[in-house]
There are 2 protein chains.
Amino acid sequence: MADKKLSLHLDFHSGLPIYTQIVNQIQSQLVNKMLKPGDQLPTVRALAQELRVNFNTVARAYRILDEARIISTQQGRGTYIIEVPPPEISEKLRYESLTALTHRFISEAFRLGFSEREVVQMVRDSLKSWKEANEEDNE
Amino acid sequence: MADKKLSLHLDFHSGLPIYTQIVNQIQSQLVNKMLKPGDQLPTVRALAQELRVNFNTVARAYRILDEARIISTQQGRGTYIIEVPPPEISEKLRYESLTALTHRFISEAFRLGFSEREVVQMVRDSLKSWKEANEEDNE
DNA sequence: CGAATATTGTACTAATTGTATCATTGTAAC
DNA sequence: GTTACAATGATACAATTAGTACAATATTCG
């Protein structure tokens, strides 16, 4: 369940595009903890109806937020706030989490019988294709 | 008793379709020997109930695995891991498994905000300490 | 054995979701 | 006034999951 009411207030005379207002307010609500990682946002159609705008306008806002890695939109499923790590966790905890994650990965890979070289190669390949798939991200 | 519990863990917000997650995890469990040739999988309805999804979603996953010659689904009988997996399928599965594992690892690391350099470094360190801990030769 | 019933996977359809493409509108620059 | 462009709307589409009816096989029981 996921319907946060997401009360957004649009100003149709402000000169700011609707989709920009939607983007800004969702970002604000995330910062204000009114939205939390993992939360499902209303569907494009539901939010559009609530705001009395075309659902493509909502979709455009969602697309911008998706490209900014703030939300994850999934065709046929819905739209969710991305689960990002709280920025306030310490460096130490941050590294411990990466260490644990990597350790689990390595053990699993070895359990599958792969050699160190194969593992390293796969990590390289995976990083490479990940970067390629996310080209548009830089600025 | 044929029913392995088949503990699968779905992430409904991960962006991967449910049926894909089911496919991947069954493949993994086969490569990990948690599933063996001849094992019977839960019925589409049983697994669906356990995972709280529609049984057609499970059926879709089973169909994909069936087409990949990994399992054999038999109407009225049940679903079984294929008896003699051709070697090329085993090898293919093994690599697909590592690929999926690595991809999950990379995504998770980036999701936690680590850079490519940090990830690579951590993999190196982890491999190194793993080798030292197991004191084995080679390379 | 044989018929009735239960169990299992299959096929087809529907509903819900986001996506892509183009048309319309409004405003600013020329 | 005309043109150019950005914002929004309309329409058709694709992906995922759910609903319903059915077919094949197994099991039960006379």
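Nothing here was measured: the structure is a model prediction, and the numbers come from that model. Note on naming: letters A, B, ... go to the chains in the order of the sequence lines (proteins, then strands), and numbering restarts at 1 for each one.
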For [X] against [Y], the heavy-atom pair lying closest together:
{"X": "B:Tyr95", "Y": "A:Met122", "answer": "CD2-CE, 3.9 Å"}
{"X": "A:Gln21", "Y": "A:His9", "answer": "OE1-O, 4.2 Å"}
{"X": "A:Ala109", "Y": "B:Leu98", "answer": "CB-CD1, 3.9 Å"}

Along DNA chain D (nearest heavy atom to each residue), the more 5'-positioned of A:Val53 and B:Pro17
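Comparing both residues, the 5'-ward one is A:Val53.
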Without decimals, in angstroms, what is the distance between [X] [atom1] and [N] [atom2]?
{"X": "A:Leu10", "N": "D:dT8", "atom1": "CG", "atom2": "P", "value": "10 Å"}
{"X": "A:Gln40", "N": "D:dT17", "atom1": "CD", "atom2": "C1'", "value": "13 Å"}
{"X": "B:Phe12", "N": "D:dA15", "atom1": "CZ", "atom2": "P", "value": "21 Å"}
{"X": "A:Gln49", "N": "D:dA10", "atom1": "CD", "atom2": "P", "value": "13 Å"}
{"X": "A:Arg63", "N": "D:dT8", "atom1": "CZ", "atom2": "C1'", "value": "15 Å"}
{"X": "B:His13", "N": "D:dT17", "atom1": "NE2", "atom2": "P", "value": "12 Å"}

Treating A:Gln25 as the side-chain partner and A:Ser7 as the backbone partner, does any N or O pair qualify as donor plus acceptor under 3.5 Å?
no
Verify, without hydrogens or angle tests, whether A:Arg104 (side chain) and B:Phe105 (backbone) share a donor-acceptor contact under 3.5 angstrom.
no
If you round to the nearest 0.5 Å, how far is OG1 of B:Thr99 from CZ of B:Arg94?
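That separation rounds to 11.0 Å.
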Check this for me: B:His103, atom NE2, are more than 12 non-hydrogen atoms of other residues, nucleotides or ligands nearer than 6.0 Å?
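Check fails, neighbour count at 12 or below.
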Counterpart residues, side-chain contact (heavy atoms from CB on, under 4.5 Å), relative to A:Gln75 (two or more places apart):
none
Phosphate contact (D:dA7 OP1 or OP2) by A:Thr57 side-chain N/O below 4.0 Å:
no
If only side-chain N and O atoms of A:Tyr19 are considered, is one of them under 4.0 Å from the OP1 or OP2 phosphate oxygen of D:dT8?
no
Quick check for you: name the first and last nucleotides of DNA chain C, 5' to 3', having an atom under 4.0 Å from a heavy atom of chain B.
C:dT8 to C:dA11
Table of protein N/O atoms under 3.5 Å from nucleotides 11-13 of chain D N/O atoms:
| residue | atom | partner | partner atom | Å |
| --- | --- | --- | --- | --- |
| D:dT11 | O4 | A:Asn56 | ND2 | 3.2 |

Per the side chain to side chain contact (heavy atoms under 4.5 Å, CB included) rule, which among B:Leu41, B:Val44, B:Leu8, B:Ile18 passes with B:Val58?
B:Val44
